[in-house]
Amino acid sequence: MTQPSLNRSQQAEASEDAGSNPSANPTLGAIVARRFDRREILRGGVTGGLAASLAVSAISATLAPRAVAAAASETFPFRELPAGADERHHVADGHDAEVLIRWGDPVLPGAPAFDPHRQSAAAQGMQFGYNNDFLGFFPLPGAGDPAGHGLLVVNHEYTNEELMFPGLGRQDGKAAFAGMNRDLVDIEMAAHGGSVIEVKREDGRWRVVPNSRYARRITAMTPMRLAGPAAGSARLRTGADPEGKTVLGMLNNCAGGVTPWGTWLTCEENINYYFQGRLPEGSAEAKIEARNHKRLGMPGNLYGWARFHDRFDLGKEPNEPNRFGWVVEIDPFDPTSVPVKRTAMGRFKHEGAAGALARDGRYVVFQGDDERFDYVYRFVTTDAVNTADKAANRDILDHGTLSVARFDADGRGTWLPIVFGEGPLTPENGFRDQADVLIETRRAADLLGATKMDRPEDVEANVKTGKVYVMLTNNTRRKADQVDAANPRPDNRFGHIVELSPAGGDFGAKDFAWEVLVRCGDPSVAAIGATFSSATTKDGWFGMPDNCAVDGEGRLWVATDGNSPSKTGRADGIWAMETDGARRGTAKHFFQVPLGAEMCGPYFAPDDTTFFVAVQHPGEADEEDPTAQPATFENPATRWPDFDPALPPRPAVVAITKRGGGRVGT
C-alpha cells in the first residue's frame, strides 16, 4: 500500500492551512503597524513612501534584540543545555529527567501489561492513553509531603495509528482508512481522553502508586454532562440524547488548567478531525449548521471513526459536533464523578484554560483558540470563589461572562463581552439566545471585531507580576502582500509571545496594555527578525512557542512545537524566558525531546522541586525534511523511551528534579 508522506501532525497542520476565519477583522500585525505609524510617523508629519519606510525603521528599532549588560543577574542560573536533536531526551546539567509513565502502562487496578501486538479497547481503557499533553498536579490532602505526593492529571490528545499498530502504516489521506477496523478504532477511542494517577516521591525518585483508589481513565466513550447556557439546546440534541444534556467522551484534549477549588479543566481542541460525511441539505437548521461547521473546519476527515460509529457521521447526526469543543471540568479526587462540559466558557478549538483570581475574588480563565487568525478569550465567573468551602464552587463555571480580546493600535486592549443581545449578537445576525452565541463563539467574536492573532495557544497568568503571557505559535499563511511593519516575515514560521498588563494589575479588569515580549527564531539570521536579547546564546533561541508554565517564583518557562532538526538544528523542548529587568527577552535552553516529539504539559509541583513535562508523538518523521521516510511502527525515528526493538516509541511523562534537591532551574 502506498502511504502519503505526511504524518498525523503534518496532515493536521495542512488541514488548517486554508483557515476558517472569513472575517475582515484586522490582524495583530496590522494593528502593531498602525500603532507605531501613529507614534513614530504621524507625530513627525511625514507622508507617503517616506512614512512607510520610517515606520519599518522605527518598529525594527523598537523590536531589535535588547542589549544586555554583562553584569545583569540571571533569574535562571543553571548551565544551559546545548541545542541539538537525537533519539533521546536531555536536560540541563545538574538535573535528572526520569520517565514516570508511558503509553500502555497500567493505570487502573488489574490492567494488563502493555503488549503492542495484542492490543484491545478493554486493555487500553485501563492503561495510560496516547499522546499525553496537559499535566496538572494536586497535592493529596493530609500528605506528609504535599509537593511529593499527589494526583497527576494528564490529557490524551490524539492518536498516531501508524506508530501504534504493527503493519498498518498511515491510514488517513490517500489510504482512506483502508486498514482500519472496528477493533482498531475502538482502541483509538480508548487511548483518547485523560488519566488520573497517584504519584509519590520516595528517596528522591518519583513513582506511580499502583492500585490507587484515585486512579481513573477517561476516554472518548466516558459519559459526561453538559451544563451551562447551551445545555439542553435543540442544537445539542441527538438521537441518543434527545434532551441535549449528556454526551459520550471528550476529544482532542490539548492544554488545560487547575482551579483553586481542586478540579481539573481539560480543553477540547481540534474536534473537526473526527467527523466525516455531509450534512442533510434543504432545511433552515441544516443551513445554520453548515455555516457553523465551516467556521470550525468541519468535517476534518482525519479519523475513520464514522465508519463504525454513526455519531461521527454528519449525515446521520448533524448536531453531534456541537457537543464537542468545550472546556471539561473533572474532579480528580472522585473517580466516580461525572465530567462536566462547561458551555458558558465557549466553544472553539481550546488550547488551554489557565486561570487566576481577580481582585474581587472572581475566577478569570484565559483561553487561546489554536488556529491561524483566530482569537484570545477569557471567562470571568459571576461569583467570587469560596475559598473556605470548595464544594460551594461546584457550578461556579456555569455563570459568568465570556469575552474576546481586541488589541488596539495605541498599545491598549479591551475584552469584548460575548453576550446575546449586546451589539451585533442579535436575532438579526442569526443568534436566538445565549446558547447560539456560545455554540458559535467564533462567529460571535468575528462580529464583535476581535483581533486576529497568529495561532493563539497557551495563555497563562503570572500571579507574582500581574502579567499574562500569550503563546502565538506561528502563521505560515502570511503572504508577501500581507507583510507589514510589525510582521516583516512572510510565511511566519517562528511565532512570538505577547505580554498583557491588566489595568491596575487586576486580572478581572476590562482593559489591558500589551506589548511583544519576544519574536522567535534564529537571531543570527537578520531576515528572520527575531528579537531575543543579546544575552541569548546560539542554544537559547527557539521557535514556535506553544505551552508555557509560570513557576512559584514567577519565572516563565516555554514549551515548543515545530522546531525541525533539518531546518533549525534543534528538537523541541523547554526554554527558560526572562521577562523582567535588564535580561528581559533572554531565553535559555533547559530540556530537549527525542526525535519526532513535541514538548507539552509543563507543570510544577508546589515547591518547584519537580517539573513535570509531557513528551508527545516521539518517533514521527521530521516534518520539514523532504527526504525523511514516513515513520511507522516498524520504522520510527526513535524507539524512545524503551529502546527495545520489539516496542514502538511511546509518549510519556517525564519528572525533572534538581540533583541533590532544590528548586528546578537553579
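Ring centroid separation for the pair His156 and Phe128 comes in under the 6.0 Å cut-off. A ring-centre distance under 6.0 Å is not found for Phe591 and Trp575. Residues Phe612 and Tyr603 place their aromatic rings such that the two centres sit no closer than 6.0 Å. Between Phe348 and Tyr377, the ring centre distance stays below 6.0 Å. Aromatic rings from His95 and Phe590 are positioned such that their centres are separated by under 6.0 Å. His117 has its ring centre less than 6.0 Å from the ring centre of Phe633.
Side chains of Gln124 and Gln119: no donor on one and acceptor on the other come within 3.5 Å. Using a 3.5 Å distance cut-off with no hydrogens or angles, the side chains of Glu198 and Ser212 do pair a donor with an acceptor. Asp572 and Asn563 share a side-chain donor-acceptor pair at under 3.5 Å. Glu460 and Tyr469 share no side-chain donor-acceptor pair at under 3.5 Å. A side-chain donor-acceptor contact under 3.5 Å links Lys658 and Thr666. Side-chain atoms of Glu269 and His350 include no donor-acceptor pair closer than 3.5 Å.
Here Glu74 pairs with Arg583, Lys588 under the salt bridge (charged side-chain N to carboxylate O under 4.0 Å, His left out) rule; sequence neighbours left out. Under the salt bridge (charged side-chain N to carboxylate O under 4.0 Å, His left out) criterion, Glu268 pairs with Lys341, sequence neighbours left out. Partners of Asp546 under the salt bridge (charged side-chain N to carboxylate O under 4.0 Å, His left out) rule, at least two apart in sequence or in another chain, do not exist in this structure.
In Arg394, the CZ atom is not crowded: 12 or fewer heavy atoms of neighbouring residues, nucleotides or ligands sit closer than 6.0 Å.
With respect to Arg455 and Glu371, no salt bridge is recorded, no charged nitrogen being found less than 4.0 Å from a carboxylate O. A salt bridge between Arg205 and Glu98 is present, with a side-chain N of the basic residue lying under 4.0 Å from a carboxylate O of the acidic one. Using a 4.0 Å cut-off between a side-chain N of Lys or Arg and a carboxylate O of Asp or Glu, Asp607 and Arg663 do not qualify as a salt bridge. Ion pairing of Asp395 with Arg342 is present here, as a side-chain N (NZ or NE/NH1/NH2) and a carboxylate O approach within less than 4.0 Å.
Note that Arg378 lies outside the cation-pi zone of Phe507, set by a 6.0 Å cut-off to the ring centre and a 45° limit from the axis.
Note on ring orientation: taking the six-membered ring where Trp is involved, the planes of Trp415 and Phe512 are tilted (angle from 30° to 60°).
Listed by first and then second residue, the salt bridge (charged side-chain N to carboxylate O under 4.0 Å, His left out) pairs that reach into residues 100-112 are Arg102-Asp105, Arg102-Asp642, Asp105-Arg650, sequence neighbours excluded. Applying the side-chain hydrogen bond (donor to acceptor under 3.5 Å, both in side chains) test to every pair with at least one member in residues 353-363, sequence neighbours left out, gives these pairs: Asp360-Arg362. The ring pair (Phe, Tyr, Trp, His ring centres under 6.0 Å) pairs that include a residue from residues 184-203 are His192-Tyr274, His192-Tyr303, His192-Trp305, where partners are two or more places apart or lie in different chains.
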Kindly indicate, with the supporting measurements, whether the criterion side-chain hydrogen bond (donor to acceptor under 3.5 Å, both in side chains) is fulfilled by Arg201 and Thr609.
CA-CA 11 Å; Arg201 182 172 53 194; Thr609 58; 2.9 Å; yes
